[in-house]
There are 2 protein chains.
Amino acid sequence: MRLTKQRKIILERLKQSRSHPTAVQIYDEVRSELPNISLGTVYRNLDILSKEGMISKIETCGDQKRFDGIPDPHLHIICSRCGKVQDAPQEPDLDLDQLTRVETDFLITGVRLELLGVCPDCNRENN
Amino acid sequence: MRLTKQRKIILERLKQSRSHPTAVQIYDEVRSELPNISLGTVYRNLDILSKEGMISKIETCGDQKRFDGIPDPHLHIICSRCGKVQDAPQEPDLDLDQLTRVETDFLITGVRLELLGVCPDCNRENN
DNA sequence: CTATCTGCAAAACATTTGCTGAGCA
DNA sequence: TGCTCAGCAAATGTTTTGCAGATAG
């Protein structure tokens with residue numbers, strides 16, 4: 001994998017961010033430094049970087065995927081109204097073995113755990 | 001809410017099914033009984049039925065959403081290759097209160113827990 | 001040098017929506 | 001009979017892809 005200018009800047013910006021941005025948000029952000037980058041390039045690189053394990057793709061926060069500069073699994077809190085994602089301040093303590101010990105013909109590889117909620121912005125708007 | 005012919009048949013088929021079908025799969029299924037139903041009608045009804053709490057919408061299994069005739073929460077096992085969804089044979093025992101007791105400015109409303117795995121079909125194909 | 005990558009544009013795909021006529025209650 | 005709903009088609013929003021030229025290693 002080459003370290004192109006585009007790829008490097010996408011990675012840097014994502015590592016700096018704690019906001020779990022969408023591809024379009026990353027595109028907007030990166031364009032301040034590389035005005036001619038294309039959205040296709042952003043998508044392609046986010047995909048490659050997450051396949052390489054350098055970032056992670058969050059698939060569970062609504063219609064748009066979000067991306068996380070921290071590739072290691074950690075607990076996310078997701079706003080069920082707007083899809084915003086926040087990192088939880090501490091990890092839950094869970095007995096994973098107990099959880100994955102189910103009778104099934106699937107090959108169990110892991111669990112997905114997220115907290116659902118309403119973010120301050122949505123809470124203010126809708127109530 | 002009216003019980004139209006279309007709505008009734010969509011609901012019946014979904015209640016009979018244990019396969020957690022996508023909207024298009026439900027469309028194909030229902031067309032055997034109602035050849036002129038439109039995909040838009042299927043989407044509209046699945047949305048209404050899930051808002052009414054008569055079915056549930058599964059938002060976390062890939063690019064297409066899936067639907068479940070059982071509205072009550074229960075544990076799903078999701079194939080991370082093809083998105084297929086299976087019901088787990090038993091519920092996990094979890095201390096939900098402990099999980100949701102995190103310091104955050106989000107209003108926590110629940111947790112999302114799923115098992116991830118590889119289904120028999122994908123396991124056969126890819127290894 | 002050359003295999004990988006970029007920008008651009010078009011395509012693909014799931015889902016939603018506007019409109020007009022149909023049908024449930 | 002009135003209000004909700006269906007069918008159709010077009011629009012929308014996100015993501016992917018084909019291609020020709022650019023560039024990292």
Side-chain angles (χ1 to χ4, degrees), chain A residues 1-14 19-52 54-68 78 80-85, chain B residues 1-14 19-52 54-68 78 80-85:
Chain A
M1 191 188 66
R2 283 189 195 163
L3 196 60
T4 61
K5 194 173 32 169
Q6 290 85 345
R7 192 164 293 163
K8 194 166 72 178
I9 291 172
I10 289 171
L11 188 57
E12 273 169 10
R13 297 288 180 123
L14 193 54
S19 73
H20 311 85
T22 64
V24 171
Q25 287 168 342
I26 295 166
Y27 172 60
D28 286 340
E29 168 82 16
V30 166
R31 260 195 307 178
S32 68
E33 203 163 339
L34 295 173
N36 294 318
I37 195 171
S38 78
L39 185 54
T41 296
V42 173
Y43 272 108
R44 249 185 308 230
N45 278 316
L46 289 170
D47 198 52
I48 291 170
L49 290 168
S50 73
K51 287 210 169 90
E52 294 288 322
M54 303 172 72
I55 65 173
S56 69
K57 195 186 274 194
I58 310 174
E59 320 235 13
T60 53
C61 43
D63 289 329
Q64 295 175 75
K65 288 172 182 128
R66 286 172 175 266
F67 297 87
D68 190 337
I78 298 180
S80 39
R81 301 233 176 111
C82 71
K84 205 176 293 154
V85 176
Chain B
M1 189 189 65
R2 286 189 192 161
L3 196 58
T4 61
K5 193 173 30 161
Q6 291 84 343
R7 191 163 295 165
K8 195 166 70 178
I9 292 172
I10 289 170
L11 188 57
E12 275 170 8
R13 295 289 179 122
L14 194 53
S19 73
H20 311 84
T22 64
V24 171
Q25 286 168 342
I26 294 166
Y27 172 61
D28 286 339
E29 168 84 16
V30 166
R31 259 194 308 176
S32 68
E33 202 163 339
L34 296 173
N36 295 319
I37 196 172
S38 79
L39 185 54
T41 296
V42 172
Y43 273 107
R44 246 184 309 236
N45 279 315
L46 288 171
D47 197 54
I48 291 168
L49 290 169
S50 71
K51 287 210 170 89
E52 293 288 323
M54 303 173 74
I55 65 174
S56 69
K57 196 186 276 196
I58 310 174
E59 318 236 14
T60 53
C61 44
D63 291 328
Q64 295 175 73
K65 287 172 182 128
R66 285 173 175 267
F67 297 87
D68 191 335
I78 298 181
S80 38
R81 302 235 176 110
C82 72
K84 204 176 292 156
V85 176

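Every chain is numbered from 1, with letters handed out A, B, ... down the list of sequences. Note that the coordinates shown come from a computational prediction; the quantities given were computed from them, not determined experimentally.
- Positionally, the nearest nucleotide of DNA chain C for A/Asn36 lies more toward the 5' end than for the other of B/Lys5 and A/Asn36.
- Looking at heavy-atom distances under 4.0 Å, B/Thr41 makes contact with a base.
- Within the structure, a side-chain polar atom (N or O) of A/Gln6 is placed less than 4.0 Å from OP1 or OP2 of C/dG7.
- Atom CD of B/Glu52 is separated from atom P of D/dT4 by 13 Å (rounded to the nearest Å).
- To the nearest angstrom, P of C/dT6 lies 11 Å from CD1 of A/Ile9.
- Taking atom CZ of residue B/Arg44 and atom P of nucleotide C/dG18, one finds them 10 Å apart after rounding to whole Å.
- B/Asp47 comes within 4.0 angstrom of no nucleic acid atom, judged by non-hydrogen atoms across all strands.
- Using modelled atom types, no side-chain atom of A/Arg66 and backbone atom of A/Ile58 make a donor-acceptor pair closer than 3.5 Å.
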Using the side chain to side chain contact (heavy atoms under 4.5 Å, CB included) rule, take B/Leu14 and B/Leu46 through it: C-alpha gap first, then chi angles, then the decisive distance, then the call. CA-CA 10 Å; B/Leu14 194 53; B/Leu46 288 171; 4.2 Å; yes
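- At distances below 3.5 Å, at least one donor-acceptor pair connects side-chain atoms of B/Arg7 with backbone N or O atoms of B/Arg2.
- The listed nucleotides are D/dA6, C/dT15, D/dC3; the one nearest the side chain of B/Asn45 is D/dA6.
- For A/Thr4 and C/dT4, the shortest distance from a side-chain N or O to OP1 or OP2 is not below 4.0 Å.
- Distance from the side chain of A/Gln64 is smallest to D/dT14 among C/dT17, C/dA14, D/dT14.
- The interatomic distance linking B/Tyr27 (OH) with C/dA14 (C1') rounds to 14 Å, in whole Å.
- Residue B/Ile37 is classed as a sugar-phosphate contact, given heavy-atom separations below 4.0 Å to backbone atoms only.
- Between C/dT15 and B/Tyr43, a contact under 4.0 Å exists linking OP1 or OP2 to a side-chain N or O.
- A/Leu46 has its CG atom 11 Å from the P atom of C/dT6, to the nearest Å.
- As judged by a 4.0 angstrom heavy-atom cut-off over every strand, A/Leu3 is placed among residues touching the sugar-phosphate backbone only.
- Note: CD (B/Gln25) to P (C/dA14) measures 11 Å, nearest angstrom.
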Given side chain to side chain contact (heavy atoms under 4.5 Å, CB included), test B/Gln64 with B/Gln25 step by step and report yes or no. CA-CA 11 Å; B/Gln64 295 175 73; B/Gln25 286 168 342; over 6 Å; no
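- Between A/Leu39 atom CG and C/dA11 atom P the separation is 17 Å, expressed in whole Å.
- Within the 4.0 angstrom heavy-atom criterion, only backbone atoms of the sugar-phosphate kind lie near B/Arg7; the bases stay farther away.
- Along DNA chain C, the nucleotide nearest B/Lys65 and the nucleotide nearest A/Leu34 are compared for position; the residue whose nucleotide lies closer to the 5' end is A/Leu34.
- Counting heavy atoms of neighbouring residues, nucleotides and ligands inside a 6.0 Å radius, atom CG of B/Asp28 exceeds 12 of them.
- In this entry the distance linking NZ of B/Lys51 with C1' of D/dT4 reads 16 Å, nearest Å.
- When each of D/dA24, C/dT15, C/dA25 is scored by its nearest atom to the side-chain atoms of B/Arg2, the top-ranked nucleotide is C/dA25.
- Contact check, B/Ser38 against D/dC8: no side-chain N or O comes under 4.0 Å of OP1 or OP2.
- Ion pair A/Arg44/A/Asp47 not flagged as a salt bridge, since none of the NZ, NE, NH1 or NH2 atoms sits closer than 4.0 Å to an Asp/Glu carboxylate oxygen.
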